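All figures in this text were calculated on a predicted structure; none of them were measured in a lab. Side chains are part of it too, since the values below use all heavy atoms of this structure and drop only hydrogens, waters and symmetry mates.
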Amino acid sequence: MRTALVTGGSRGIGAATATRLARDGFDVIITYVSKPEAAAAVVDAIVAAGGSARAVALDSGDPLAVTAFFAEHLKGSDLHVLVNNAGITRDGCSCG
C-alpha cells in the first residue's frame with residue numbers, strides 16, 4: 001500500500017490533507033506535537049470512512065526525533081507522499 005506522511009496532521013489544513021489522501025487510497029501517518037486527542041479524532045474519522053491511518057507524536061523540529069521516527073515507523077514502507085505541514089507561531093496567538 002502507498003504511504004503518505006502528513007506532519008501537523010491533527011488539525012486544520014493537515015487534517016483535511018490527511019483525510020483526502022486516505023480517501024485517495026493512501027495509508028496515512030499523521031504526526032502531532034500536542035493534542036493527541038485531536039490526532040486520534042482525525043485517525044478515527046479516516047478509519048470510520050474506510051481508510052487507513054495512524055497518529056504518531058513527533059516534534060519535526062528535532063532532527064534526532066525525525067531520524068528515529070523514520071527508522072521506526074517508515075522502515076520498509078513505500079513512502080509516496082510527504083506533506084510537511086507542521087509549523088509554529090511565535091506571535092503570541094493561543095489559537096487552537
Side-chain angles (χ1 to χ4, degrees):
M1 178 177 273
R2 300 174 306 165
T3 301
L5 170 60
V6 181
T7 66
S10 64
R11 305 184 290 177
I13 293 169
T17 302
T19 301
R20 178 55 193 248
L21 287 165
R23 191 172 37 215
D24 288 344
F26 287 88
D27 175 29
V28 178
I29 302 170
I30 65 170
T31 67
Y32 63 93
V33 173
S34 62
K35 302 189 191 294
E37 63 283 350
V42 174
V43 168
D44 290 346
I46 289 171
V47 171
S52 174
R54 60 189 157 121
V56 178
L58 173 66
D59 178 355
S60 299
D62 178 348
L64 293 177
V66 171
T67 299
F69 169 84
F70 271 84
E72 181 177 344
H73 296 282
L74 290 171
K75 185 174 185 173
S77 291
D78 197 5
L79 184 64
H80 280 80
V81 176
L82 168 62
V83 179
N84 192 18
N85 178 68
I88 58 171
T89 60
R90 296 182 191 228
D91 61 2
C93 176
S94 59
C95 310

Minimum heavy-atom distance Ala39-Ala55, with the two atoms named: CB-CB, 3.8 Å
Nearest atoms (heavy-atom pairs only) where Ala53 meets Val43: O-CG1, 3.5 Å
I'd like to know if [Y] and [X] are part of one continuous hydrophobic network [Ile/Leu/Val/Met/Phe/Trp/Tyr, side-chain heavy atoms within less than 4.5 Å].
| X | Y | value |
| --- | --- | --- |
| Val56 | Val33 | no |
| Val81 | Ile13 | no |
| Phe26 | Val42 | yes |

Leu74 side chain near Ile29 side chain, heavy-atom distance below 4.5 Å: yes
Any side-chain heavy-atom pair of Phe69 and Leu5 under 4.5 Å: yes
Pairing residues for Ser34 by the side chain to side chain contact (heavy atoms under 4.5 Å, CB included) criterion, not counting sequence neighbours: none
Roughly how far apart are [X] [atom1] and [Y] [atom2], rounded to 0.5 Å?
| X | Y | atom1 | atom2 | answer |
| --- | --- | --- | --- | --- |
| His80 | Asp24 | NE2 | CG | 13.0 Å |
| Asp78 | Arg2 | CG | CZ | 9.5 Å |
| Ile30 | Ile46 | CD1 | CD1 | 6.0 Å |
| Asn85 | Arg11 | CG | CZ | 10.0 Å |

Show me, pair by pair, the donor-acceptor contacts under 3.5 angstrom made by side chains of residues 57-66, not counting sequence neighbours?
| residue | atom | partner | partner atom | Å |
| --- | --- | --- | --- | --- |
| Asp59 | OD1 | Gly61 | N | 2.9 |
| Asp62 | OD1 | Leu64 | N | 3.1 |
| Asp62 | OD1 | Ala65 | N | 3.3 |

CG/Leu79: more than 12 non-hydrogen atoms of other groups inside 6.0 Å: yes
